Amino acid sequence: MHFPGRFTDQLVADNLAQVSLSFLVDDLVVRRGGAAANIAFALGMLRQRPVLIGAVGDDFADYRSWLERHGVDCSGVHVSEVAHTARFVCTTDEEFNQIASFYTGAMAEARNVELAPVLDRSGADLVLIGPNDPLAMLRHADECRQRGYPFASDPSQQLARLDGAQVRRVVEGAEYLFSNQYEWGLLLQKTGWTESDVRERIGVRVTTLGAAGAEVVGGDGSRLLVPAVPERGRVDPTGVGDGFRAGFLAGVQCGLSWERAAQLGSLVAVHVLEVTGTQEWSLDHGRALRRFTDAYGAAAATDVAPLLA
């Protein structure tokens, strides 16, 4: 929502012990979101077969239809009998100050979801553990290790909530570790690990660097810096990292090199960046391939063409 004024003008400095404020807003926009759903949506746009796992409320019906129309298997989604779907509600004033609330809701029930039935039914070959209910993240990482399921770890926003032992538990044994540059530093701080400690415990580290692109580090310490696709207009950064993850994983699952996978991730990311909302972008495959060619060259485009055909 948008408040056509300044929050600070409504605060009485001598009376902050009791605050009761109401803002008449002039705009309300409802956007679909959630890290797992954003990533699944983007994978569907790349004609993969993503399976969404999580917990929602009975208000999820319209969202489910949207995702299924875009190629997402929602059969692994648990529907709560008592809580609404998690949501983030934010009001922004004229100076871009924000007052916001995050409602956990049904997300807390994700800790009750077992992966095995969903993976056995779907045949999915990689689990991405994204930011979720902390106990769900821990349970799913443990289950992946116990059952031998390859998994990628993407704790992102929940790094602030998890303690060092929990972060180590979510990350240990992951085939891929995703983070942005700030989160990578926070992960090292919380775990007490060095960079070499992390390499000993995971397969590949993928760290997004914003406009500078992404860094891919192998278990042997080899480093690859992949530049971003040049943007044509920065509109909304929300969900850009989710788009990158989807493109990268789609590339890896289709047998592309880490470099090509990161380049594909950057292509998806810039599509998200250039629209308002995390799932409001579209993919014209012909134009996308031309844009990829302009950014990375004809040889690279030949490798990714099957995903953009």
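Worth knowing before you read on, the calculation uses all heavy atoms, side chains too, and leaves out hydrogens, waters and symmetry mates. Here the structure is a predicted model, which means the values were calculated and not measured.
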Taking atom [atom1] as the centre, does [X] end up with more than 12 heavy-atom neighbours from other residues, nucleotides or ligands that are less than 6.0 angstrom away?
| X | atom1 | answer |
| --- | --- | --- |
| Arg161 | CZ | no |
| Gln181 | CD | no |
| Leu24 | CG | no |
| Arg145 | CZ | yes |

Could you tell me whether the side chain of [X] and the main chain of [Y] form a donor-acceptor pair under 3.5 Å?
| X | Y | answer |
| --- | --- | --- |
| Gln253 | Gly251 | no |
| Thr208 | Gly210 | no |
| His140 | Val113 | yes |
| Arg47 | Gly44 | no |
| Asp197 | Thr194 | yes |
| Arg139 | Ala110 | no |
| Glu280 | Gly277 | no |

If you round to the nearest 0.5 Å, how far is [atom2] of [Y] from [atom1] of [X]?
| X | Y | atom1 | atom2 | result |
| --- | --- | --- | --- | --- |
| His2 | Cys90 | NE2 | SG | 11.0 Å |
| Asn97 | Thr91 | CG | OG1 | 12.0 Å |
| Phe3 | Glu95 | CZ | CD | 11.0 Å |
| Phe292 | Thr302 | CZ | OG1 | 10.0 Å |
| Tyr296 | Ser266 | OH | OG | 4.0 Å |
| Arg147 | Leu115 | CZ | CG | 8.5 Å |

task: Mind telling me whether His70 and Phe41 have parallel, tilted or perpendicular rings, with 30° and 60° as the class edges?
output: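 Taking His70 first and then Phe41, their aromatic rings sit tilted (interplane angle of 30° to 60°).
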Basic-acidic side-chain contact under 4.0 Å: [X], [Y]:
| X | Y | value |
| --- | --- | --- |
| Arg260 | Asp303 | yes |
| Lys190 | Glu183 | no |
| Glu172 | Arg201 | yes |
| Arg87 | Asp59 | yes |

Would you kindly say whether [X] and [Y] are connected by a side-chain donor-acceptor distance under 3.5 Å?
| X | Y | result |
| --- | --- | --- |
| Ser75 | Arg121 | yes |
| Tyr63 | Gln279 | yes |
| Asp62 | Ser65 | no |

Out of curiosity, does [Y] fall in the hydrophobic cluster containing [X] (side-chain heavy atoms, cut-off under 4.5 Å, transitive links)?
| X | Y | answer |
| --- | --- | --- |
| Leu52 | Met137 | no |
| Val229 | Leu283 | yes |
| Phe60 | Val51 | no |
| Met107 | Leu162 | no |
| Leu128 | Val204 | yes |

Search all heavy atoms of [X] against all heavy atoms of [Y] and return the closest pair with its distance.
| X | Y | answer |
| --- | --- | --- |
| Ala40 | Pro50 | O-CG, 3.3 Å |
| Leu264 | Gly247 | CD2-O, 3.4 Å |
| Ser80 | Glu109 | OG-OE2, 2.6 Å |
| Gln158 | Pro134 | NE2-CD, 3.8 Å |
| Leu43 | Ala246 | CD2-O, 3.3 Å |
| Ala83 | Tyr103 | CB-OH, 3.9 Å |

- prompt: Step by step, would you call Asp9 with Arg6 a salt bridge (charged side-chain N to carboxylate O under 4.0 Å, His left out)?
  reply: CA-CA 6 Å; Asp9 291 341; Arg6 299 191 309 171; 2.8 Å; yes
field: Option from Leu28, Asp26, Ile99, Val29 for which side-chain contact (heavy atoms from CB on, under 4.5 Å) with Met1 holds
entry: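 Considering Leu28, Asp26, Ile99, Val29, a side-chain contact (heavy atoms from CB on, under 4.5 Å) with Met1 is found only for Leu28.
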- request: With Leu119 as reference, evaluate Leu126, Ile53, Asp125 under the side-chain contact (heavy atoms from CB on, under 4.5 Å) test and give the passing residue.
  value: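 When side-chain contact (heavy atoms from CB on, under 4.5 Å) is applied between Leu119 and each of Leu126, Ile53, Asp125, only Ile53 qualifies.
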task: Flag the pair Phe151 / Tyr176 as yes when their ring centroid distance falls below 6.0 Å, and as no otherwise.
output: no
- request: Please check if the distance between the ring centroids of Phe248 and Phe178 is under 6.0 Å.
  value: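 Here the rings of Phe178 and Phe248 have centres that are less than 6.0 Å from each other.
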query: Any side-chain heavy atom of Trp193 within less than 4.5 Å of one from Val171?
result: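 A side-chain contact exists here, since the closest heavy-atom pair is under 4.5 Å.
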- request: For Gln98 and Asp93, run side chain to side chain donor-acceptor pair (under 3.5 Å): C-alpha distance rounded to whole Å, both residues' side-chain angles, the deciding distance at 0.1 Å, then the answer.
  value: CA-CA 7 Å; Gln98 293 184 326; Asp93 72 5; over 6 Å; no
- request: Would you list the pairs meeting side chain to side chain donor-acceptor pair (under 3.5 Å) in which at least one residue belongs to residues 216-245, sequence neighbours left out?
  value: Asn38-Asp242, Asp154-Arg245, Glu195-Arg223, Glu215-Arg223, Asp220-Ser222, Glu231-Arg234, Asp236-Thr238
- request: Decide yes or no on side chain to side chain donor-acceptor pair (under 3.5 Å) for Arg205 and Thr207, but give the supporting numbers first.
  value: CA-CA 6 Å; Arg205 173 171 66 85; Thr207 306; 2.6 Å; yes
message: Evaluate Arg169 against Asp142 for salt bridge (charged side-chain N to carboxylate O under 4.0 Å, His left out), listing each step before the verdict.
response: CA-CA 8 Å; Arg169 194 167 145 197; Asp142 288 343; 2.6 Å; yes
